[in-house]
Amino acid sequence: MAAVLSLALPCGAYAQKFTVSGVVLNKETKDPVDMAVVNLPNSELWAVANDKGEFTIKNVPKGATKLTISCLGYVTQEFDMNIQRDVTNMVFHLETSTLAIDNVVVTARENQNSMTTSRTIDRTTMDHMQMINVSDITSLLPGGSTINPTLTSASSAKIGIREYGESSSTIGFGTGIEVDGVRITNNANFSAMTGVDTRSIASANVESIEVITGVPSVEYGDIATGIVKINTKKGRTPYMLSTTINPRTKQFALDKGFDLGDERGILNFSVERARSIQDLASPYTAYDRNTATLNYSNTFNQGENRQPLRFSIGFTGNLGGYDSEADPDAYKNDYTENRDNSLRVNTQLNWLLNKSWITSLEFSGSVNYSDRQQRVNTNKSSSTSIPARHGEEEGYFMAQNYETDPDAAVTLIPAGYWEELKIVDDKPIDFSAQLKANWAARWGSVNSKLKVGLHYTGSGNYGRGVYYDNPKYAAENWRPDDWSQDPFMHNVAAYIEEQLTIPIGSTSLDLVAGLRNDNTMIRESVYGTVSSLSPRFNVKYTVFDGRFRKKGAALRSLSFRAGWGKMVKLPSSYTLFPSPIYNDTQVFASPAASDGSSFVAYYMNPTISVYNPDLKWQHTNQTEVGVDFNLYGIQVSLSAFYNKTVNPYIVRDIWTPYTYRLTTIQDLNGCEIPIDNRIYSIDRQTGVVTVTDKTGTMESFTADNTTKNIFRASDMADNGSDYTRAGLEWVVDFGQIRALRTDIRVDGAFNYYKHVEQTIMQSYRTNANGADGQPFKYIAWNVGSANASNGSLSKQLNLNLTLTTHIPKIRTIISLRFESSLYRFNQSLSEWDGGTRTYAIEGHDPQNDPIIGQDISKGGYYTVTYPAYYSTFENPDKKIPFFEAYQNAKQNDPELYSDLTQLIQISGNNYLFRPSKTSAYCAFNISVTKEIGKIASLSFYANNCFSNMGRVHISQNDTYLPLYKSTYIQDFYYGVSLRLKF
Amino acid sequence: MKKIFSVLILATLAFGGCLNNFDEDEKSYSDMQISIQLNYPAQSEFGPQAGVSVRMTETMKGTVYEVMTDEKGMATFTLVPGRYNAVATDKRAENATITVFNGSLNNRNISMADDGSILPIDLQASSLSQLVIKEFYFGGCKDNEGSKTYQYDKYLILYNNSDLDAPLYNLSLSMTYPYNSSGTNYDIVDGKLIYDLGEDSWLPAAAAFWTFGPTDEVVKPGEQIVIALNNANDNTVTYNNSVDLSDPSYYVTYDPEDFYNASFHPAPSANIPTSHYLTVPVKLGTSNAWPLSGISPAFFLFAAPLGVDLTEFAMNPDNQNLYNNMKAGARFKIPMDWILDGIEVFKAGDSKNNKRLLSTVDAGAILFTNTLGYTCYRNVDVEATEAIEGNKEKLVYGYQYGTADLANGSTDPSGIDAEASIRNGARIIYQDTNNSTSDFHMRRQASLRD
């Protein structure tokens, strides 16, 4: 409101503007540091130093402001200034970033100036932990655990921020990954709803990573829980050659930033090769990453009274993937090849207009194209013909020899040996363009920053989907599903955000309010255009600001922050375009001829996804509160969050009844046509099988058939029950003990996750027979899944202690990290708001043992889980309450009783719902980095260096599990890295 | 002085420690005496006699000890500590009726504390049937390239071992659950199978059983029938190591209404008439193929008495049972007196095999190695076969298809090549003591390939 009002007022009277200029020099050599960026974040003004190190910023508003100077390869400096008049001839000295300087951090650094919880990890930290994959940094977040770096695991290459409790197949879906301002999404992935695979991002070229876990600014859309911003090297650097080796991975990288001189800009180039093998004993199955990056950046239009324009354009190409072809231990000619090639082009423009009505204009655009083709070759054989179903239409179809009719709905793969080469052609492409305008203004002592932006993203897939190299040998139930025919998904978003900084006495209050409107358009989709609004608010109240506090005060700084936001997550193509379901039922098989071929007929019933007009977009309501303070030199940062994911996407089955005709070999007994002269055919509508004589001599024979009732499946995208996540994260930095040069840091996290799926979903016992010997004729309507439990509750408390010893004189830093899990709690739940879902029974016979009213969560009893309703073949939509009908059938209808018993799920043991507490366990990691002279730097680390051989106790069934080679702590592992700078 | 003193003390301590070690070492390698006492059923007219063979096998190392009983029915062994299986079989003939007594101890841990103790084995009488399992081929063979396994050529040969016609009325084939012998068996509670209930014992038939139904067909004395259990086609066209099952006299288990998996149950060869199809009355569970194990099945035959409708029997929930409460382990309860013959197969090289068939059906087990084309073939009963008039001249000796040279292999102790003898016109009587440890051997190739 304040911003809108003040636009009408004349600005000149209130805002006095001054000029700030100076020069930036290297502290040791006193050479000018050109391309250094001087930033005044309060007024969104910046300047880039020219090749003499000089910079000038005009129209700086009067009053207190922060000033930062940063440059690649140097330690960023921050100053507080109070501008009351023109400031010229300032001299700033920047130190080169080495281990010889005093202030080196090898843990995640909390961003004190951020409105929400945000942490930065710099290059020194990444070198110290020998990061192979950007997903390795999750161990540096509070309570994070180290995972041994490898490229062969797709699931550990996904980053999931505050996604505790998420399964490994969907983790990372809600976390955004940005490289140089370019979002990398996984929306065009048709096969799974999972997070971004970060293996194609070259890790040696990364300069810093910022992880924002609080309520982020509205300029970030299409995320659920957090965002990871990766910045690659841009600036002049010497040649950096680095190699990292650990037992299963080797990585080599070379990068350099060339100064093209004469203000022609900087060209950063980097090449990296990393190769990870899966099994030390068989080093043939490996994942390769070969990346080359080229980035050009320059600042144009510099000088007095001009509006500088920062421009950068980058190209990144990656050739890599996973290949098991050379493995001599595999069966002959059986291999899997996964390509992971990608090309990314991104550009950024930042134009400092520095006018009274607009401060700066930013534009960023990108195109990201990947080729993730997978090839799987298998040797197959059979002594009888295999009917391969490829038809996409409804009706009865008889198998044909492939030579007779290659397009037949059912073809026969003849007996013998063949090679099946299956190709999954996955070529996702993402576009993005963003235009953002910043306007910073000052009214009296109040600082205001207004941000308005427009963001477009599009994603699609040029891949053909799954297909086979030789269609004659395509797999038995393959149908073509061309992803490139599905329309692209376009999203246009507009956002506006206002940030006010209001000083109140010696304290200050920051307020951020933003609103984002997302619109999604999918051409030809029944879902049409959908719109959503995401409001986000953040407030930060700084009571004591550490920079201005008087010395000797106990509480050196104190600030409180709180945020609330709604984040909408768009569904991926997997939800919007699930593959059609093909229901095939075998209705006839002819006796086998001497070559093993048998003509099989099917009744095919393809179903497409049912359109759900009530499908809502998934969103997460996130609430966060935090406090940061410094007490007697101990820096403490606490944040508590509560996230509720509302309307998560699920896909559920819908079963509809249908009838088909079955013809058996016995029904052919009256046919007198000799076997070798028979031609079998089936009527597409009626399903009647006719045998005709090839020679035309004998009459045709029509076989009898019987009618069978069964159900067919189709699916529908829907919204499930809410997920609740809450947690508390803390970081306590005890500061450095001068005498020991050791810094002690304690960080930890408590996480809570609860999810119970209460959506009523149908299930059917496929292939089962009822008590009458006919196909099963009942549908179960279960609360959530048909499993014994429909949800879980988990809690975890992790505590890490890091001791960092930094000795600048010998340029060494040693860190010892103690990671522990103090409390792990897991419990399966079975809950239903509409009644009881699971009952405890006396013994373990669900039919004969009585139900007793015991609390299932105590354990000690076998349990039975009943569906909520059931429905019959004749009346599939009428939901009959299960419990009463089951008790009734026990007395009155034994056949129904026996059938309904098939729908009950009995627990396999008597402790399924008992809570499982895992006892505490820990691991030690040690890392050492030493710089040798100015040219080389050597690092070594050992994870789980004491190779913890202890056991943990699982309270659920009172067992002990060894920690050795378990999923609880990482295996003993080590690595060495050498970096040369010349 | 002090030095010598301290050296002396240290030396004493060292020696003392070593002495202790010596003692323990000796104890763990020393032998002990264990006696097995055979207890005959109370109501039987037969009692203990001398010369009954009792065999103890150490499960981890595979060592076999065999001792004959004394006149009180006690056999004394000298063993080292370990885990043992013990099997005893006593075959008695009286007035042309043969009664076989079988008993076993399974996975019994014997340690030094058991030295001198007497372990009882309760023998149970079991009857011998006319139709016996002559050959059970289920292990599969290698494909032509020698790398992958082809396992869809399983078959069973039933043989009439008696002098009278054997009826096929309501004859049924089934297997137990768990499908394999290794791993935990939840049916064993306190060392005993839950269906071992004396007179009320039953055997579990998993998922479904195949039956001939109420047919009038018979198998003549000395004749056999071949039943293909997966496909009934000429597999040798594609797999040179496999068998040809497309002969018109063969039978096949084929019921596409219940089991229609195209690999496990393809349509049988047109040569085989539909009257040779065995069917499934009722299927339990959700599989689309009959899951006979290719590693270590426990297979048995039973015949329901005249007038029993097998479909009605199968649909009755009182005749159904769930293995460990698992819906996937739904099975039928077949009464003991319906059971004709069975064969228990253990996986060779595995130290933890559990018995699934009761001792009255099969007291022992045959060790088998799969995927190499081997088969389980019954041993010839030398005495009964040579006793038949005019047989001795036609018998062919010099049996070469045994696998005794292989690890965990076995051969026919009679040395008679049964297939060659039959081709030569001889009549073979196979050995049947309801104990597959002594009744079967692992034959190098399927007899249909001879």
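Lettering follows sequence order; numbering is per chain, from 1.
Salt-bridge formation is detected for the pair B:K148/A:D334: a Lys NZ or Arg NE/NH1/NH2 atom is positioned less than 4.0 Å from an Asp or Glu carboxylate oxygen.
Looking at A:L668, neither its backbone nor its side chain comes within 4.5 Å of chain B, counting heavy atoms on both sides. B:Y277 touches chain A through its side chain: at least one heavy atom from C-beta onward sits under 4.5 Å away, while N, CA, C and O do not. If you measure heavy-atom distances from A:T706 to chain B, you find no contacts under 4.5 Å at all. Looking at A:S381, both its backbone and its side chain come within 4.5 Å of chain B, counting heavy atoms on both sides. For chain B, no part of A:S385 is nearby; none of its heavy atoms comes within less than 4.5 Å. Looking at B:P266, the atoms closer than 4.5 Å to chain A (heavy atoms on both sides) all sit in the side chain, from C-beta outward. Looking at B:Y254, the atoms closer than 4.5 Å to chain A (heavy atoms on both sides) all sit in the side chain, from C-beta outward. For a residue to count as touching a neighbouring chain, one of its non-hydrogen atoms must lie under 4.5 Å from one of that chain's; by this rule A:Q666 touches chain B with backbone and side chain alike. In this structure, chain A has no heavy atom under 4.5 Å from any part of B:D153. With a 4.5 Å cut-off on non-hydrogen atoms, A:Y862 touches chain B through its side chain but not through its backbone.
Using a 4.5 Å cut-off on side-chain heavy atoms (C-beta onward), A:N379 and B:E145 make contact. Put simply, the side chain of B:D258 reaches to within 4.5 Å of the side chain of A:N769, judged on heavy atoms.
With B:K327 contributing its side chain and A:Q902 its backbone, the two residues share a donor-acceptor pair below 3.5 Å.
Between the side chains of A:Y417 and B:T238, no donor-acceptor pair of N or O atoms lies under 3.5 Å.
Contact between A:I665 and B:T274 at its shortest, heavy atoms only, is CG2-CG2, 3.6 Å. In plain terms, the two heavy atoms of B:Y150 and A:S383 that are nearest each other are OH-OG, 2.7 Å.
Listed options B:P256, B:S242, B:A267, B:S147 were ranked by heavy-atom pairs under 4.5 angstrom with chain A; first place goes to B:A267. Comparing B:N231, B:T236, B:N233 by how many heavy-atom pairs each has under 4.5 Å with chain A, the most go to B:N233. Top candidate by heavy-atom pairs under 4.5 Å with chain B, chosen from A:S898, A:A768, A:G596, A:S382, is A:S382.
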